[in-house]
2 protein chains.
Amino acid sequence: MARPSVNLKQLAEQLGLSQTTVSRALNGFPEVSERTRARVQEAARRCDYRPSASAASLATGRTFAVGNVVTQSDGIVIDPHFSDFIAGAGETCARFGYDMLIRMAEREAEAGVYRDFVSRRRVDGVVVHGPTAADPRIAWLRSLALPFVVHGRADDGKADHSWLDVNNERAFHRATDFLLDLGHRRIALLNGPEHLNFAADRRRGHLRAMSCAGLEADPRLMSAEPMLESYGHRRTRELLARAEPPSAVLCASTLIALGVVRALYESGLQPGRQVSVLAYDDDLSFLHPSTRVEVPYLTAMRSSIRAAGRRVAEMLIERIERPEGSPRAELWEAELVVGTTTGPVCGMARS
Amino acid sequence: MARPSVNLKQLAEQLGLSQTTVSRALNGFPEVSERTRARVQEAARRCDYRPSASAASLATGRTFAVGNVVTQSDGIVIDPHFSDFIAGAGETCARFGYDMLIRMAEREAEAGVYRDFVSRRRVDGVVVHGPTAADPRIAWLRSLALPFVVHGRADDGKADHSWLDVNNERAFHRATDFLLDLGHRRIALLNGPEHLNFAADRRRGHLRAMSCAGLEADPRLMSAEPMLESYGHRRTRELLARAEPPSAVLCASTLIALGVVRALYESGLQPGRQVSVLAYDDDLSFLHPSTRVEVPYLTAMRSSIRAAGRRVAEMLIERIERPEGSPRAELWEAELVVGTTTGPVCGMARS
DNA sequence: ACTTGTTTTCAAAGCGCTTTGAGCGCCGCC
DNA sequence: GGCGGCGCTCAAAGCGCTTTGAAAACAAGT
């Protein structure tokens, strides 16, 4: 099996046909007779013929690769949510014969990367991660005529491009309502970085729910940081040291929630008893049992980021293969999963 | 900035030079005069000229991409360790002008993916993840003459290829010694899947340390499963329900350890007091404070998987660009970081 | 002036595929 | 008998780069 690589020319010679016919036979063109097609396919399989990607790419302009640029904003943190998203997207890509290209760059260099993708013809399309308010990338990509799908929403979703987002605002509205119904009034929000739209939406959902209930949210109970376990832990310790600690904590990720839970236990408190914990759960594969028999632990608003990855890739491939079609937008609702970390407000936490 | 894409021919015409000269000027060949080179470079910059990747690739056979195949062994779990590794590798790749190609496949299809990479000329080399005992991939890749670097060790590292691994055996030997020194005798091992070499090595290190201390490891205290938080949690509850529970738990990842800690707290035990917890820590970015000022929480054997990613990518690029050079092998030592989750054995846990 | 050598430039031949435009044989239809 | 149409196949022209082999330009040595 050393070096079998046959090229089109050799295959054609072997068959006594022209390259044209062989190429057409393999690519399913109608103008080749079924008998010939079968012969060609058989020979191709026997010789393990596979067209060179770069030659095909040069001839067609297509690369069968989708780009993902990972910005290392402050020299830190590739977030684990990304890897689950990629896993989902990768499944779809594999199914359609695409590869995923990943390029890391400083945030300021991102525009350059897109131009590079286009002028060097490296990818057929890209997915845009972590949109911010008035995200400039949308305009760049449009002007470059590079197909793209946004994971999240830019321009409030009004814009004329494909996107898929979770209804973060509603998710946090509902989460807050759930806690309010349990009697909680002092609710802390441990949000992700709020220049990212998803985090801003979550904050808004939380605030809306509070004001619908006639309550004013206490700004001192709200924070926004990268979603690390240590953030949940440190912040919870701070909150518990207050004169008026919260009776419930709303977290932007399960990672944060794990830190919160750890801090609670360290302080001798039990999640779901003295302090309730509710997290947004991206259904990360490594935080969940592989078999779903066990009772959920964290109460959470859940939506699978991996499923989102799958769908976003489908949407992207559709834009690539039928650019004339109209863009699609999907807004997914997160599902409330009640676990053991929430419970009715209890005496202790009353201010 | 709409469609600037200039090609070599146009650039050459514009300069009144031949394509040859322009190409050579840009690629740093010595036989072009400095004056001409400067002129060409200036023009290239002004026109934002970038050579088409597929054309260059077709002409040279190089792709400037390194492949990573992610096997979805049982339809589940892309593990978060992978994403940190990729982040590291991505940094190096970006520095050297390479892209990372990711392809998902069923484990049985992996051989086919490598062949595809080679015959379709998709990548210049690959990194091999998660080597197992007598891993067949090594032989495949060698017979395909595709440059590769193994993250981990195959063939006990004797083989003639580049690899980078952590000394997992020593790490777990030391970790076990550390616990033994604290007086622990009943030590549970929550290992990763032991068909993977790194996990087998860790088990061996643990067993060696035990037998060096004249102790026999209790097989009922050892388990091997995918490294999920829920695994740590469930398994710890099982262990605590035993007549003779362990006084210390050794975990193959921080994720597992978080589950262990949670289970301990739920049972009213404190990590570091009644039960010690020591984990292998890949220094995953999302489980650690971004600023390192805080005291470490988990006691751990630590080695950055991200740094490993960086180095593996360097080694791979070296193999790609100088295949005649001799392969490199590196064995990294993990560092012991003492946190708050370990302490001397205490009365309660005595059987 | 004429060879010799060195530097700088070029035309043209690939790399391996797709795709255009045409050819050929054959049918049926006016 | 000529003509359009249909079914199948092909030669050749790209796609945009690199690289070979040779030529042109210039300087230096006899």
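Excluded from the calculations below are hydrogen atoms, water molecules and symmetry mates; all remaining heavy atoms, backbone and side chain alike, are included. Only a predicted model underlies this, so the values are computations on that prediction, with no experimental measurement involved. First the proteins, then the strands, lettered A, B, ... as listed; each starts at 1.
Not counting sequence neighbours, A/Ala94 has no partner by the side-chain contact (heavy atoms from CB on, under 4.5 Å) test. Residues that satisfy the side-chain hydrogen bond (donor to acceptor under 3.5 Å, both in side chains) test with A/Thr36, not counting sequence neighbours, are A/Ser33. In this view, A/Glu31 and A/Arg24, A/Phe29 satisfy the side-chain contact (heavy atoms from CB on, under 4.5 Å) rule, not counting sequence neighbours.
The separation between B/Arg35 atom CZ and C/dT7 atom P is 17 Å, rounded to whole Å. Between B/Glu13 atom CD and D/dG16 atom P there is a gap of 13 Å when expressed in whole angstrom units. Note: CZ (A/Arg39) to C1' (D/dC8) measures 13 Å, nearest angstrom. In this structure, CZ of B/Arg37 is placed 10 Å from P of C/dT9, rounded to the nearest angstrom. Nucleotide C/dA22 holds its C1' atom 14 Å from the CD atom of A/Glu31, rounded to whole Å. At whole-Å resolution of the value, CD in B/Gln10 and P in D/dG16 are 8 Å apart. Computed from coordinates, the A/Lys9 NZ to C/dC17 C1' distance equals 12 Å when rounded to whole Å. In this structure, A/Leu58 places its CG atom 14 Å from P of C/dC15, rounding to the nearest Å.
With 3.5 Å as the limit, one finds a donor-acceptor pair spanning the side chains of B/Thr21 and B/Ser18.
Of the candidates D/dT9, D/dG16, C/dG16, C/dG16 carries the atom nearest the A/Ser52 side chain, counting heavy atoms from C-beta on.
The phosphate of D/dC17 (OP1 or OP2) has no side-chain N or O of B/Ser57 nearer than 4.0 angstrom. B/Ser18 has a side-chain polar atom (N or O) that falls below the 4.0 Å cut-off from OP1 or OP2 of C/dC10.
Rounded to 10°, the helix from C/dA1-D/dT30 to C/dC30-D/dG1 has 70° between the axis fitted to its first five pairs and the one fitted to its last five.
For the residue pair B/Leu58 and A/Ala55, the shortest heavy atom distance occurs at CD1-CB, 3.8 Å.
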Solution key, residues 129-139 of chain B side-chain donor-acceptor pairs under 3.5 Å, sequence neighbours excluded:
from	atom 1	to	atom 2	distance (Å)
B/His129	NE2	B/Asn68	ND2	2.8
B/Thr132	OG1	B/Asp135	OD2	3.4
B/Asp135	OD1	B/Arg137	N	2.9
B/Asp135	OD1	B/Arg137	NE	2.9
B/Asp135	OD2	B/Thr132	N	3.0
B/Asp135	OD2	B/Arg137	NE	3.3
B/Asp135	OD2	B/Arg137	NH2	2.7
B/Arg137	NH1	B/Glu110	OE2	2.9
B/Arg137	NH1	B/His129	O	3.0
B/Arg137	NH2	B/His129	O	2.8
B/Arg137	NH2	B/Gly130	O	3.1

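Among the heavy atoms of the strands, none lies under 4.0 Å from B/Ser54.
Geometric assessment of B/Arg62 against the ring of B/Phe64 yields a positive cation-pi assignment under the 6.0 Å and 45° thresholds.
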TODO: Walk me through it: do A/Glu314 and A/Arg311 pass the test salt bridge (charged side-chain N to carboxylate O under 4.0 Å, His left out)?
DONE: CA-CA 5 Å; A/Glu314 283 171 17; A/Arg311 185 67 188 118; 2.7 Å; yes
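Rounded to the nearest 0.5 Å, atoms NZ (B/Lys9) and CD (B/Gln14) are 14.5 Å apart.
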B/S/- along nucleotides 18-26 of chain D (protein heavy atoms under 4.0 Å) is BBBB-----
